[in-house]
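Take a look at the structure set out below.
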Amino acid sequence: RVQLVESGGGSVQAGGSLRLSCTVSTRNGYIYNRSCLGWFRQAPGQERGGVATIYTEGDHSVYYASSVKGRFTISHNNAKNTLYLQMNLLKPEDTAVYYCAADPAMSGTYCYRTAGAKGDFDFWGQGTQVTVSS
């Protein structure tokens, strides 16, 4: 079973930056050598939607939702088994609870083309609040 813990959320003014982190671990310490990882967010009264995904092997193909492209950057540190989301030029509409997700069973192609839209990951973190004020 994969465990994910997010951190780095908080409050910031519009135009500011935040970096979210998500540590990925398993109870027996096993490290998956390939996995699809992603960030999702859910604003009050809205459904959870994909923000970005990354595949941890190969060319590390990434997917971004159109609303964050050019402002957010997803990355993964294999040595630390940690997923990041650097968020710049934040807008009030970015206010949401942000969740990280993992699925070692997904292929790289599925991770890049589909996972961000479908959100059908097997493992999820507990979420971290991001609030952007105008």
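Predicted model, so just to flag it, every value in this text is computed and none were measured. Residue numbers count from 1 along this sequence.
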**Request:** Under 4.5 Å between side-chain heavy atoms, chaining through other members, with only Ile, Leu, Val, Met, Phe, Trp and Tyr counted: pull out the rest of the cluster around W124, sorted by chain and number.
**Result:** F40, V97, Y99, M106, Y110, F121
For a quick test of reading the model, state the closest non-hydrogen atom pair linking [X] to [Y] and the distance between them.
X    : Y   : value
S35  : T56 : N-OG1, 2.8 Å
A52  : L85 : CB-CD1, 4.5 Å
A102 : V2  : CB-CG1, 4.2 Å

Hphob cluster co-occupancy, [X] + [Y], side-chain heavy atoms under 4.5 angstrom:
X   : Y   : result
Y64 : Y55 : no
V51 : Y63 : no
I74 : L18 : yes

**Test side chain to side chain contact (heavy atoms under 4.5 Å, CB included) applied to H76 and V62, step by step** = CA-CA 11 Å; H76 178 254; V62 298; over 6 Å; no
What distance do [X] atom [atom1] and [Y] atom [atom2] have between them, rounded to the nearest 0.5 Å?
X   : Y   : atom1 : atom2 : value
T53 : L37 : OG1   : CG    : 9.0 Å
I54 : Y84 : CD1   : OH    : 12.0 Å
L83 : S75 : CG    : OG    : 7.0 Å

**Prompt:** What residues form a side chain to side chain donor-acceptor pair (under 3.5 Å) with R113, not counting sequence neighbours?
**Reply:** none
**Request:** Using side chain to side chain donor-acceptor pair (under 3.5 Å) as the criterion, list what pairs up with S107, not counting sequence neighbours.
**Result:**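 S107 satisfies side chain to side chain donor-acceptor pair (under 3.5 Å) with no other residue.
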**Asked** Can you name the one residue among Q86, M87, R41, E6 that meets side-chain contact (heavy atoms from CB on, under 4.5 Å) with L20?
**Response** M87
**side chain to side chain contact (heavy atoms under 4.5 Å, CB included) between E93 and V132, worked out** = CA-CA 8 Å; E93 50 264 43; V132 185; over 6 Å; no
Using modelled atom types and a 3.5 Å cut-off, is there a donor and acceptor pairing between side-chain atoms of [X] and backbone atoms of [Y]?
X    : Y    : value
T82  : N77  : no
D122 : D103 : no
S134 : P92  : no

**Message:** If the condition is salt bridge (charged side-chain N to carboxylate O under 4.0 Å, His left out), which residues does E57 pass it with, not counting sequence neighbours?
**Reply:** R34
**Prompt:** Does any pair with a residue in residues 38-106 pass disulfide bond (SG atoms under 2.5 Å apart), and if so which ones, sequence neighbours excluded?
**Reply:**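 Sorted result for residues 38-106: C22-C100.
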**Asked** Which pairs, with at least one residue in residues 66-77 and sequence neighbours excluded, count as a salt bridge (charged side-chain N to carboxylate O under 4.0 Å, His left out)?
**Response**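 Sorted result for residues 66-77: R71-D94.
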